[in-house]
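See below for the structure under consideration.
None of the values given here were measured: they were computed from a predicted structure. The first residue of the sequence shown is numbered 1, and numbering continues consecutively from there.
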Amino acid sequence: MTEHRSGFACFVGRPNAGKSTLTNALVGTKVAITSSKPQTTRHAIRGIVHRDDAQLVLIDTPGLHRPRTLLGERLNDIVHTTWSEVDVVGFCVPANEKIGPGDKFIAAELQKIARRTPVIGIVTKTDLVQPQQVAEQLLALQQVMEFAELIPVSAVDGFQVGALADLLVGKLPEGPQLYPGGELTDEPEQTLVAELIRESALEGVRDELPHSIAVTVEEMLPREGRDDLIDVHAFLYVERPSQKGIILGHKGERLREVGATARKNIEALLGSKVYLDLHVKVAKEWQRDPRQLRRLGF
């Protein structure tokens, strides 16, 4: 009888360090939304990796950053809470960007937990650079703090994703399965649907807008008399009327594109045809307003 390990791991790093893409690659399906915009992840999304010898629960956290709003502070709180609860932490640094003050700030925070929780240094996005650059980045990362292990990976072409899974599993305690086989995330479907809509809305928008977008799914029900169609009613919130104009686009064209892309992704997630009813609302300065943050799920 071989031993079975189970436990929790999380990836941390600056915004856009490849944490969500890596989570999805390890789970083998999309559980965390990805975008080139910073602060794409706003919840600690759990993805579940099932193996014969282990069950690894990955928690994809928001990027740790110096907060400028109440939302930013709450996102950082999610990160710190997650760190205190996991068995192993993966610190992600992209191969194609120099290690900067943001990385050093995170490393200094990680030093505080490194005595009791192993930290693995991960150089991500190796597909974007030459092998020589990967080697240089590994050496640079080694100077930042003392890691339990160091590994370069590419979630895009699968380079060393399996080896990373082995390293993470090796740090877990022995234990039984924590979730039933076949489950890939414990996120409620409505949360995942809202996230897919937000992901579609983030594509191609101006840099100042991503932080201002929030999505709530008000209702998600099978259409009466039809077992092959789900009605999804959702609101997309922005902070100012000018931002509403950006999301809507000329004669509502941009919102239609967002809806069409999101609907395709939601249909893939739910395995059913979907009618998506999407409206844009202005929630003034919601990132700074505790009452509105609560209403929007933060």
Acceptor/donor pairs from residues 139-147 side chains to any protein atom, 3.5 angstrom cut, sequence neighbours excluded:
unit_1 : atom_1 : unit_2 : atom_2 : d
Gln143 : NE2    : Leu139 : O      : 3.2

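Cluster annotation: Leu255 and Leu202 are assigned to the same hydrophobic cluster (Ile/Leu/Val/Met/Phe/Trp/Tyr, side-chain heavy-atom contacts under 4.5 Å, transitive). If you chain together hydrophobic residues whose side chains sit under 4.5 Å apart, Val134 and Phe159 never meet in one group. Linking Ile, Leu, Val, Met, Phe, Trp and Tyr residues whenever their side-chain heavy atoms come within less than 4.5 Å places Phe8 and Leu110 in a single cluster. Criterion: ILVMFWY side-chain heavy atoms under 4.5 Å apart, direct or through other members. Under it, Val119 and Leu138 are part of a common hydrophobic cluster. In the hydrophobic clustering of this structure, Val161 groups with Val27; members are Ile, Leu, Val, Met, Phe, Trp, Tyr whose side-chain heavy atoms approach within less than 4.5 Å, directly or through other members.
By the side-chain hydrogen bond (donor to acceptor under 3.5 Å, both in side chains) test, Gln130 pairs with no residue at all, sequence neighbours left out. With sequence neighbours excluded, no residue satisfies side-chain hydrogen bond (donor to acceptor under 3.5 Å, both in side chains) with Gln111.
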### Query
Does the pair Gln132 and Glu136 meet the rule for a side chain to side chain donor-acceptor pair (under 3.5 Å), with working shown?
CA-CA 6 Å; Gln132 175 63 26; Glu136 285 165 11; 2.9 Å; yes
### Task
Report the C-alpha distance between Glu195 and Arg198 in whole Å, list the side-chain angles of each, state the deciding distance to 0.1 Å, and finish with yes or no for salt bridge (charged side-chain N to carboxylate O under 4.0 Å, His left out).
CA-CA 5 Å; Glu195 289 288 270; Arg198 194 163 63 87; 3.2 Å; yes
### Message
Let's go through Thr21 and Asn24 carefully: what are the C-alpha distance in whole Å and the side-chain angles of both, what is the deciding distance for side chain to side chain donor-acceptor pair (under 3.5 Å) to 0.1 Å, and is it a yes or a no?
### Response
CA-CA 5 Å; Thr21 310; Asn24 292 338; 5.8 Å; no
### Message
For a side-chain contact (heavy atoms from CB on, under 4.5 Å) check, start with the C-alpha distance between His233 and Val217, then their side-chain angles and the critical distance, and finish with the verdict.
### Response
CA-CA 6 Å; His233 300 277; Val217 172; over 6 Å; no
### Message
As a quick check of understanding, evaluate side-chain contact (heavy atoms from CB on, under 4.5 Å) for His4 and Gln55, giving each step before the final call.
### Response
CA-CA 8 Å; His4 186 278; Gln55 193 176 70; 4.2 Å; yes
### Task
Check the pair Lys273 / Glu267 against side-chain contact (heavy atoms from CB on, under 4.5 Å), numbers first and verdict last.
CA-CA 6 Å; Lys273 277 198 174 338; Glu267 286 179 343; 4.2 Å; yes
### Task
For the pair Leu56 and Leu172, evaluate side-chain contact (heavy atoms from CB on, under 4.5 Å) and give the outcome as yes or no after the intermediate values.
CA-CA 8 Å; Leu56 171 66; Leu172 302 182; 3.9 Å; yes
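A salt bridge is absent between Arg5 and Asp53; no separation between the charged side-chain nitrogens and carboxylate oxygens falls under 4.0 Å.
Residues Leu276 and Gly259 approach most closely at CD2-O, 3.6 Å, considering heavy atoms. When all heavy atoms of Arg254 and Ala201 are compared, the closest pair comes out as NH2-O, 3.7 Å. Minimum interatomic distance between Asp87 and Pro118 (heavy atoms only, all atoms of both residues): O-CD, 3.3 Å. Considering all non-hydrogen atoms of both residues, Val86 and Thr117 come closest at O-CG2, 3.8 Å. Contact record, Val274 with Arg263: O-CD, 3.0 Å, taken as the closest heavy-atom pair. Val129 approaches Ala95 most closely through the heavy-atom pair CG2-CB, 3.7 Å.
Looking at Ile151 and Val123, their side chains never come closer than 4.5 Å, going by heavy atoms from C-beta outward. The side-chain heavy atoms of Ile120 and Phe91, taken from C-beta on, include no pair separated by under 4.5 Å. Under the 4.5 Å side-chain criterion, counting only non-hydrogen atoms from C-beta, Ile247 is in contact with Ile213. For the pair Asp277/Val232, no side-chain contact is recorded, criterion being any heavy-atom separation below 4.5 Å from C-beta on. Counting only heavy atoms from C-beta outward, the side chains of Ile106 and Arg14 approach each other to under 4.5 Å. A heavy-atom distance below 4.5 Å is found between the side chains of Leu22 and Cys92.
Geometrically, Lys281 engages Phe235 in a cation-pi contact defined by less than 6.0 Å to the ring centre and at most 45° from the axis.
Applying the under-4.5 Å side-chain rule to Ile, Leu, Val, Met, Phe, Trp and Tyr, the cluster around Leu229 extends to Tyr275.
Contacts classified as salt bridge (charged side-chain N to carboxylate O under 4.0 Å, His left out) and involving residues 112-128 (residues at least two apart or in different chains) are given here: Glu109-Lys112. Within the structure, salt bridge (charged side-chain N to carboxylate O under 4.0 Å, His left out) contacts touching residues 165-174 (residues at least two apart or in different chains) are Arg51-Asp166, Glu149-Lys171.
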